[in-house]
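Remarks on the structure that follows.
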Amino acid sequence: MKEFIVDLTKEAGSVLMDHFRQDQRLISLRSTAKDAATKYDRLIDQFIIEKIRATYPEHSLLTEESGYHAANPDWLWIVDSLDGTGNFANQNPFFSVCIALVYKGELTLGAIYAPAIDEFYLAERGKGAYLNQQRILVSNIGELQKSYLFYCEGGDKNRGRTGTILNKVYPKVIDIRKLGSAGIETAWVAAGRGEAYFTTKIEPWDIAPGVLLVLEAGGQVTDFTGKPWQQERGDFLFSNKKMHSTILELLHEA
Ligand code: IPD
Ligand code: CA
Ligand code: CA
């Protein structure tokens, strides 16, 4: 199964690359570029679903583009075929393919592939997190004033609420980055490129492989009240563990 998820995520990413920066028209559309580019989300979604069905016809699926396909509930594939559609449309290389496998309710494998920056992330429960086959660990920074944070708003964007959170957090840290792909943001916490990533109303397909990746890299993932990640839409904090309670305190009331 590990080999399968690796091959599948890489193949999906390489199909995306066949289309990346090919459609100049998307840039001129700008405000509607994300909608126009979702044809690529759907194309890759179908590609991934067909491959999973051909190999594991009895498994259940949850994909951003096609919803829930119920089969054997013990096995569930969670798929975001193109995470960072807006970036893809704007010819920005920060986009990824995100695939996770859940067995009996537990995240078992997670893969995130950002083909345009040549970064393939893999996490296997109990066996660590890897970037291009090299073991990765979260950062060791324990002070807010030395921290870089990532953030994004999930669905149902509430910029007022995001503004409130940023007002609390931004003055206290070195800087904040918004990359436009939740998959890459979670992966970068796992790789120690920042101390934490927080997100509001995010969907399971955006972050499922990232949850396993951050945990396997030695980090922590909870909702804003400190409860472990659940496979449903919510507000979540991913961190290097050392910074978790400090940042959670800032997010808790927001
Ligand atoms: C989006 C990205 C973005 C996040 C949005 C997601 P999509 O995924 O992960 O960073 O802010 O909430 O929907 O739509 O490009 O797959
Ligand atoms: Ca997404
Ligand atoms: Ca998507």
Side-chain angles (χ1 to χ4, degrees), residues 8-9 12-13 15-17 19-20 23 26 29-49 61-68 77-100 110-117 119 121 149-163 165-166 176-190 193-194 196-214 221 223-224 229 231-238 251:
L8 177 62
T9 313
V15 180
L16 272 176
M17 286 306 284
H19 301 280
F20 183 50
D23 194 347
L26 289 176
L29 293 172
R30 192 64 88 191
S31 64
T32 52
K34 184 172 176 184
D35 293 338
T38 52
K39 72 175 182 205
Y40 301 109
D41 291 74
R42 289 194 293 269
L43 179 81
I44 309 301
D45 183 70
Q46 278 315 306
F47 175 85
I48 292 172
I49 289 176
L61 283 153
L62 173 66
T63 85
E64 177 174 17
E65 300 306 317
S66 314
Y68 184 58
W77 295 86
I78 302 179
V79 177
D80 190 347
S81 54
L82 169 51
D83 181 60
T85 311
N87 285 348
F88 183 90
N90 291 326
Q91 305 199 358
N92 172 333
F94 288 171
F95 60 87
S96 59
V97 179
C98 296
I99 305 182
I112 297 171
Y113 184 33
I117 55 171
E119 296 196 349
Y121 294 87
L149 266 51
F150 306 107
Y151 87 96
C152 77
E153 289 169 322
D156 192 17
K157 308 211 181 307
N158 180 343
R159 299 211 170 156
R161 184 175 178 222
T162 301
I165 296 175
L166 290 176
I176 297 189
R177 301 277 185 265
K178 187 172 197 281
L179 303 179
S181 161
I184 295 180
E185 284 167 315
T186 54
W188 283 21
V189 172
R193 294 175 181 173
Y197 158 65
F198 59 88
T199 178
T200 48
K201 302 266 172 75
I202 199 84
E203 303 289 354
W205 45 80
D206 293 310
I207 55 167
V211 171
L212 189 60
L213 207 64
V214 168
V221 182
D223 68 12
F224 285 6
W229 178 70
Q231 202 183 290
E232 52 197 41
R233 172 189 258 230
D235 306 332
F236 295 100
L237 171 66
F238 296 64
L251 300 173

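Note that ligands are numbered from 1 as they come in the structure, with each ligand's atoms numbered from 1 the same way. Bear in mind the structure is a predicted one, so any value in this text is a computation, not a measurement.
Ring orientation note: the planes of Phe238 and Tyr197 are tilted relative to one another, at an angle of 30° to 60°. The aromatic rings of Phe94 and Trp188 sit perpendicular to each other, their planes meeting at more than 60°, with 30° as the lower class boundary.
In terms of protein heavy atoms, atom 3 (C) of ligand 1 is closest to Gly180 O, 3.7 Å. For atom 8 (O) of ligand 1, the closest non-hydrogen atom of the protein is Asp83 OD1, 3.0 Å. Summary of contacts: the protein heavy atom closest to atom 14 (O) of ligand 1 is Lys34 NZ, 3.0 Å. For atom 7 (P) of ligand 1, the nearest non-hydrogen atom of the protein is Gly84 N, 3.7 Å.
Every atom of ligand 1 with a heavy atom of Glu153 under 4.0 Å away is listed here by number and element: 4 (C), 5 (C), 11 (O), 12 (O). Close approach of ligand 1 to Gly154 (heavy-atom distance below 4.0 Å) involves ligand atoms 12 (O).
Taking the Ca ion (ligand 2) as the corner point, the angle from Asp206 atom OD1 to Asp80 atom OD2 is about 100° (rounded to 10 degrees).
No other N/O/S atom of Asp41 lies as close to the Ca ion (ligand 3) as OD2 does.
Not one N, O or S atom of Glu64 sits under 3.0 Å from the Ca ion (ligand 2).
In this structure, Lys201 has no heavy atom closer than 4.0 Å to ligand 1.
For the residues Asp206, Ile202, Ile184, Thr199, the heavy atom positioned nearest atom 13 (O) of ligand 1 is part of Asp206.
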